[in-house]
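Single-structure report; data block below.
Each chain gets a letter, A, B and so on, in the order the sequences are listed, and its residues count up from 1. All heavy atoms count here, side chains included; hydrogens, waters and symmetry mates do not.
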Amino acid sequence: MSNNEEKFKKIISHAKEYGFVFQSSEIYDGLSAVYDYGQNGVEMKNNIKEYWWKSMVQYHENIVGVDSAIFMHPTIWKASGHVDAFSDPMIDNKDSKKRYRADVLVEDFIAKIEGKIQKEITKARKRFGESFDENQFKTTNPRVLANVNKIEDIKNRLYPAMDSDNLEDIKLLIEELGIACPISGSKNWTDVRQFNLMFSTQMGSLSEDANQIFLRPETAQGIFVNYLNIQKSGRMKIPFGIAQIGKAFRNEIVARQFIFRMKEFEQMEMQFFVRPGEELKWFEYWKNERIKWHLSLGIPEEKYRFHDHEKLAHYANAASDIEFDFPMGFKELEGIHSRTDFDLAAHQKFSGKKIQYFDPELNQSYVPFVVETSIGLDRTFLALFSHSYNEEVLEDGSMRVVMKLPPIIAPYKVAVLPLVKKDNLPEKAREIMDSLKYNYMCQYDEKDAIGRRYRRQDAIGTPYCITIDHQTLEDNTVTIRERDSMKQERIAIGKISGIIAERIND
RNA sequence: GCGGAAAUAGCUCAUUUGGUAGAGCGACAGCCUUCCAAGCUGUAGGUGGCGGGUUCGAGACCCGUUUUCCGCUCCA
């Protein structure tokens with residue numbers, strides 16, 4: 001087992017042991033690829049959300065937020081392309097145990113026939129030399145014609161079957177064509193099954209007239225369908241953005257790797273609406289802004305890299321990922337996509353509502369182009385959590401596990417600790433605790449030796465420990481101990497709040 | 001979804017070939033008071049993942065199932 005795998009396992013068990021992340025429904029043996037955030041995890045997650053929201057919405061005058069419902073009109077997913085792109089007919093070969101997309105299997109078969117046609121053409125060109133007329137050959141040669149017709153026949157079966165979800169006919173087609181598994185070479189296929197990557201449920205309490213609706217697979221559509229509402233009610237001028245934090249759901253075929261890939265996950269997205277033709281300029285702008293955001297959390301630059309997409313999704317004309325060096329290697333953390341006018345134009349078409357912006361500078365109306373920044377909240381959590389996990393050997397040879405979380409992200413900012421549990425120190429500590437707790441998440445702990453208590457706070461990433469000792473009772477000073485350096489200094493009680501505020505916002 | 005491995009206390013793990021479960025750490029209560037884990041005393045916590053089978057008897061053997069890990073597969 002590699003060091004990284006070892007470390008990843010330690011991080012996962014640390015997350016559980018210290019109340020950050022639990023497996024869903026654990027007492028019922030768990031639910032695969034679903035996780036719950038515990039008492040420390042939820043604080044940390046909320047802090048990440050707040051940090052993102054402020055940087056996007058509060059610090060940008062031209063970005064506003066929205067909180068759209070998870071349930072949306074089913075036609076939205078037709079317009080967005082998800083109904084088609086997210087549901088694939090799959091078929092398994094029983095001998096090789098390999099799974100294929102049934103339509104791809106048929107299309108590969110078509111490609112094979114096309115290969116045969118090309119061979120005929122190449123042969124004929126050699127034979128006829130200069131005088132070869134490819135078009136004439138294609139329309140007259142009986143072997144080519146037969147193959148062309150065959151392709152036509154297959155397409156005329158496949159596409160209607162695909163459109164009507166006629167899975168039986170796709171299976172029949174595969175059998176009739178005698179398509180064999182490239183691995184096993186056998187034609188021993190299972191039935192064609194629909195793998196829908198979107199979760200669905202019914203809306204309407206009576207099942208007979210219930211409508212199937214989907215749990216959103218991305219939050220972006222909730223922004224697009226509110227574009228008109230927000231642009232008009234907020235008197236927004238292009239360029240402007242709409243931000244949203246929310247849950248999304250994907251029925252992934254396999255979903256392992258802890259909270260990196262979950263069936264229920266949370267996204268922090270911002271859709272930025274721009275003038276057509278300027279989208280790539282803004283694409284670059286947001287790539288730069290977003291990487292700056294990541295670096296502002298204090299994680300070294302070499303942990304991040306950009307990955308530009310070669311193969312673009314159906315809606316994009318440029319796409320780049322910010323990847324993070326997770327314990328399992330560099331993986332996507334955030335995507336910045338130039339989504340063109342695909343989504344708004346699609347909604348304009350499907351809804352029949354005019355989704356346009358009148359640009360007074362150009363004196364014309366247009367469907368805005370969109371640049372999207374979409375970051376996985378759970379992935380950000382994992383990035384910060386895994387990077388912060390440190391096992392240190394101290395000078396005296398002892399070990400400590402310390403979560404070097406950015407202070408602003410840490411679940412607790414301060415721990416208040418009476419040095420001993422007597423001599424009125426707990427009472428004094430409570431007093432200090434009460435004065436701090438309205439401003440910061442604070443934890444009070446009087447159990448066990450002071451060193452052990454420091455270690456407990458290190459394990460959950462609390463950046464500062466305030467210790468009340470006998471001197472406190474005499475001169476109203478305490479010691480403040482910093483998590484990473486373990487250094488202490490003595491400060492006046494009245495200055496605690498200000499010093500913490502200053503350092504946390506660093 | 002397929003193949004392989006695993007599942008015993010909160011955690012890490014024991015329990016020699018089948019004879020009704022133990023330790024360390026942790027937690028809690030108390031003692032001790034000492035600014036960086038491992039001082040003392042005591043307490044709690046397990047129908048051995050779950051279901052079935054073989055057996056006089058199963059944590060151990062067999063089957064199923066769930067979850068996790070590894071590999072493959074898939075991934076807008």
Study note, to complete from the structure: Each nucleotide of nucleotides 29-37 of chain B classed B (base within 4.0 Å of a protein heavy atom), S (only sugar-phosphate) or -, in 5' to 3' order, makes BS--B-BBB

Can you tell me how far [atom2] of [N] sits from [atom1] of [X], to the nearest Å?
X	N	atom1	atom2	answer
A:Glu26	B:U68	CD	C1'	11 Å
A:Glu17	B:G26	CD	C1'	7 Å
A:Arg453	B:A38	CZ	P	12 Å
A:Ile259	B:U68	CD1	P	14 Å
A:Gln39	B:A27	CD	C1'	14 Å
A:Tyr18	B:A27	OH	C1'	12 Å
A:Lys9	B:A7	NZ	P	13 Å
A:His309	B:C75	NE2	P	14 Å

Return yes if some donor-acceptor pair links the side-chain N/O of [X] with the main-chain N/O of [Y] below 3.5 Å, else return no.
X	Y	value
A:Glu482	A:Asp484	yes
A:Ser374	A:Glu269	no
A:His14	A:Ala459	yes
A:His337	A:Arg339	no

Point to revise | First of A:Glu218 and A:Tyr35 reached from the 5' end of RNA chain B, by closest nucleotide | key: A:Tyr35

Exercise for review: Using only side-chain N and O atoms of A:Gln23, determine if any of them is under 4.0 Å from OP1 or OP2 of B:U67.
Suggested key: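 Checking B:U67 against A:Gln23, no side-chain N or O comes under 4.0 Å of OP1 or OP2.
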
Review point. Quick one: is A:Ser32 getting a side-chain N or O under 4.0 Å of the B:U66 phosphate, OP1 or OP2?
Key: no

With rounding to the closest Å, how many angstrom separate the [atom1] atoms on [N] and [M]?
N	M	atom1	value
B:G39	B:G49	P	33 Å
B:U20	B:A58	P	11 Å
B:C36	B:G24	C1'	23 Å
B:U12	B:A6	C1'	15 Å
B:A27	B:C11	P	14 Å
B:G59	B:U16	P	13 Å
B:G19	B:A60	C1'	12 Å
B:U47	B:G4	P	31 Å

Practice item. Return one dot-bracket line describing RNA chain B 5' to 3' (Watson-Crick or G-U wobble pairs, both distances under 3.5 Å; ( ) same strand, [ ] crossing, | another strand, . none). Key: (((((((..((((.....[..)))).(((((.......))))).....(((((..]....))))))))))))....

Review point. Parallel, tilted or perpendicular for A:Phe324 and A:Phe326, by the 30°/60° rule?
Key: perpendicular

N/O donor to acceptor pairs below 3.5 angstrom from side-chain atoms of residues 403-416 of chain A, sequence neighbours left out:
residue, atom, partner, partner atom, Å
A:Lys404, NZ, A:Glu392, OE2, 2.6
A:Lys413, NZ, A:Pro407, O, 2.8
A:Lys413, NZ, A:Ile408, O, 2.9
A:Lys413, NZ, A:Ala410, O, 2.8

Using the ring of [Y] (Phe, Tyr or Trp, six-membered ring only), decide whether [X] places NZ or CZ under 6.0 Å from its centre and within 45 degrees of its axis.
X	Y	answer
A:Arg481	A:Tyr464	no
A:Arg430	A:Tyr444	yes
A:Arg290	A:Trp293	yes

Review point. Among side-chain atoms of A:Asn40 and A:Lys45, is any donor-acceptor pair under 3.5 angstrom?
Key: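 The criterion, which ignores hydrogens and geometry beyond distance, is not satisfied for A:Lys45 and A:Asn40.
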
